[in-house]
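Please read the structure below before turning to the comments.
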2 protein chains.
Amino acid sequence: MSQYSLVVPSRRLFLRNSGTAVLSVALLADREALAHSETVSQANLHDSAPTQFTEVGDARLAYRRFGKEGAPPLVCLQHFRGRMDNWDPIHTNRLAQDRPVVLVDYRGVGRSSGETPDSMQGLGRDIIDFIRALGAKQVDIFGFSIGGMVAQQIALDAPDLVRRLILAGTGPAGGEGMAAFSPQVQEILSRPNMTPLERGLALFFSPTATSQAAGKAWIARILARQVDREPDASPQVAAAQLAALAKWGQVTGERYGSLKDIPHRTLVVNGHNDIMVPTVNSFILQQKLPDARLMLFPDSGHGAHFQFAEEFAEAAARFLAAD
Amino acid sequence: MSQYSLVVPSRRLFLRNSGTAVLSVALLADREALAHSETVSQANLHDSAPTQFTEVGDARLAYRRFGKEGAPPLVCLQHFRGRMDNWDPIHTNRLAQDRPVVLVDYRGVGRSSGETPDSMQGLGRDIIDFIRALGAKQVDIFGFSIGGMVAQQIALDAPDLVRRLILAGTGPAGGEGMAAFSPQVQEILSRPNMTPLERGLALFFSPTATSQAAGKAWIARILARQVDREPDASPQVAAAQLAALAKWGQVTGERYGSLKDIPHRTLVVNGHNDIMVPTVNSFILQQKLPDARLMLFPDSGHGAHFQFAEEFAEAAARFLAAD
């Protein structure tokens, strides 16, 4: 038996995308061969892992789980309006070499049922239930943007469930310039005739040629998966997550006071000039969390970890594997 | 022939330390065996590299060079009053696996002749001449504390000589709280009956048990070399370097304006709470330099790279080796 928990998706799922059915069936044969070999560590599990479901309260959450069993699972929490298809296969496939990687959609996102909660507490509550349903004693959490805020909330609300945190492109409650999107972001969001992908390039990457090229490469990677792609987020998701962001951005009580209650070992990552969640918030997280490392990258923004995908993946793998 | 430039020190040097002569001769035999094998990459070149000298203007600079030839040399510039013996063998031995590591003492420090210059320009001018004397077209520079300031000055004054920079526990000209030592540092410096090593623990490491233990391990490492140890810095060194620090700490012209003229790829590293050069200056360096990465470590201060010695060494090696 392989040491990996790869479950090969059914042919039915592949054949849904009729335009790519022939290629997909050919790929499937390769994947089945891989699943029965002992050398699947370099396999593209990200693009083949089936979508699964689990009941959490009155909702059914969609998730994908793949990678080497035997370590605490790494639960990945996605950005504003993002779904499982938006994770970078360079990250997930690398991290899956060492541990189970679990992608999950918040309630109301992708194929998860129900309405998306409008607070980090509400978003976190579902994920806490989900982690318990996974049966893991502890998990690591990789949260990007709003996902990093949910990750902090989970660390506060269920500290024993969490081993380590990776917080990318995010900030603390009441952080600098986090009560509302900046004028720069609002201008980008208001541009007419912009496709979602063009918007992603403008919001997640710097305006330099290198950063934009890296952004396009990232988009190609997240479009590569042919199996069982997820629907876009509904207006309800956007409205609820915006409400959650607005609450999180308020300064309440002692500013940054709750961060001392997150003793978990943490890796904070961001780009040089994150226009979505100003980069200074990553520095503040490192300064106020009791046990945090910080990595900042040059020539990049909110999506620095996509731009420096291999470098970040290697650093994250080392961070999670360290004693 | 080995691909390494290891020159085995003479027995005479070992025998100077008569208390450890027997052990040293035994170690020397091991080293000679290593020097003739093809697998010296794990060797402790740091502790055996001979001290050499080169003429620079009217001074004679002491240096040690060891490691794999064929890559740009990594020139290491030391902290306030520090000399070659203060470099961490975990760093230098790891980096020497991939490239020549060159430790050098500023004019007037250790066995370098002359009087130490009292400005970063003056300190840098000697090192620029030294780099030219090495015969390398370009070098990488690893500067710690005042060494990181000299490294920035060299990048400004002789940009073509420099490939990459590693700046640890340092800050930009006119940085935050850099015009004078903080009251906390002055209090430590004024404590009576403190040994230099106790002072080093208080200034370079956090007051936590983990950080202090890491500091003691670092001290043991820098005391391990038995060969040809260097004399302590003279009062002239301290006075000149303090004068250089005071000038560097002044805000002149556009604050941080010169950093845009250091386009070299840079790795900035510091601890969570550096009391010698406040940590925020590392964040400022990353924000203002055109191509800088930042790594900050938890539970640590000015000497974070000694506390997380293997982790830093690996990150530095990857940074220097990357395309």
Side-chain angles (χ1 to χ4, degrees), chain A residues 164-165 167 176 206-211 214 259-260 262-275 278-301 304-305 307-323, chain B residues 164-165 167 176 206-211 214 259-260 262-275 278-301 304-305 307-323:
Chain A
R164 294 186 189 171
L165 297 171
L167 304 177
E176 291 287 338
S206 286
T208 62
T210 43
S211 188
L259 293 179
K260 68 178 179 306
I262 304 180
H264 310 79
R265 195 186 296 179
T266 300
L267 176 63
V268 182
V269 179
N270 209 342
H272 177 256
N273 181 22
D274 181 346
I275 61 174
T279 301
V280 70
N281 291 292
S282 292
F283 178 62
I284 293 167
L285 282 172
Q286 198 277 334
Q287 290 287 289
K288 301 291 183 184
L289 287 167
D291 187 12
R293 281 160 175 73
L294 175 63
M295 288 184 74
L296 295 182
F297 289 97
D299 179 38
S300 54
H305 52 305
Q307 182 165 343
F308 297 91
E310 287 89 355
E311 184 173 342
F312 164 73
E314 202 55 48
R318 285 169 174 262
F319 168 75
L320 294 176
D323 290 335
Chain B
R164 294 186 188 170
L165 298 171
L167 305 177
E176 290 287 337
S206 287
T208 61
T210 43
S211 188
L259 294 179
K260 68 177 179 308
I262 304 181
H264 311 79
R265 195 186 295 180
T266 301
L267 176 63
V268 182
V269 179
N270 209 343
H272 176 257
N273 182 22
D274 181 346
I275 61 174
T279 300
V280 70
N281 292 292
S282 292
F283 178 63
I284 293 167
L285 282 171
Q286 197 277 334
Q287 290 287 289
K288 301 290 182 184
L289 287 167
D291 187 12
R293 282 159 173 73
L294 175 64
M295 287 184 74
L296 295 182
F297 288 98
D299 179 38
S300 54
H305 53 306
Q307 182 165 343
F308 297 91
E310 287 90 356
E311 185 173 342
F312 165 73
E314 203 55 49
R318 285 168 175 262
F319 168 75
L320 294 176
D323 290 334

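All values below come from the heavy atoms of this structure, side chains included, with hydrogens, waters and symmetry mates left out. In this text, all values refer to a predicted model and were calculated from it rather than measured experimentally. Naming convention: chains lettered A, B, ... in sequence-line order (proteins, then strands); numbering from 1 in each chain.
- Note: B/Val280 leads B/Leu289, B/Asp299, B/Val280 in heavy-atom pairs under 4.5 Å with chain A.
- With no hydrogens or angles considered, no side-chain donor-acceptor pair links B/Thr208 and B/Ser206 at under 3.5 Å.
- Contact of A/Val268 with chain B is not made at all, since no heavy-atom distance falls under 4.5 Å.
- Using a 4.5 Å heavy-atom cutoff, the side chains of A/Val269 and A/Phe297 are in contact.
- Ring geometry for A/His305 against A/Phe312 counts as perpendicular: the plane angle is over 60°, on a 0 to 90° scale with 30° as the lower cut.
- With rounding to the nearest 0.5 angstrom, the CE atom of B/Met295 is 5.5 Å from the CD atom of B/Glu311.
- For A/Arg318, the part sitting under 4.5 Å from any heavy atom of chain B is the side chain, from C-beta outward, and nothing else.
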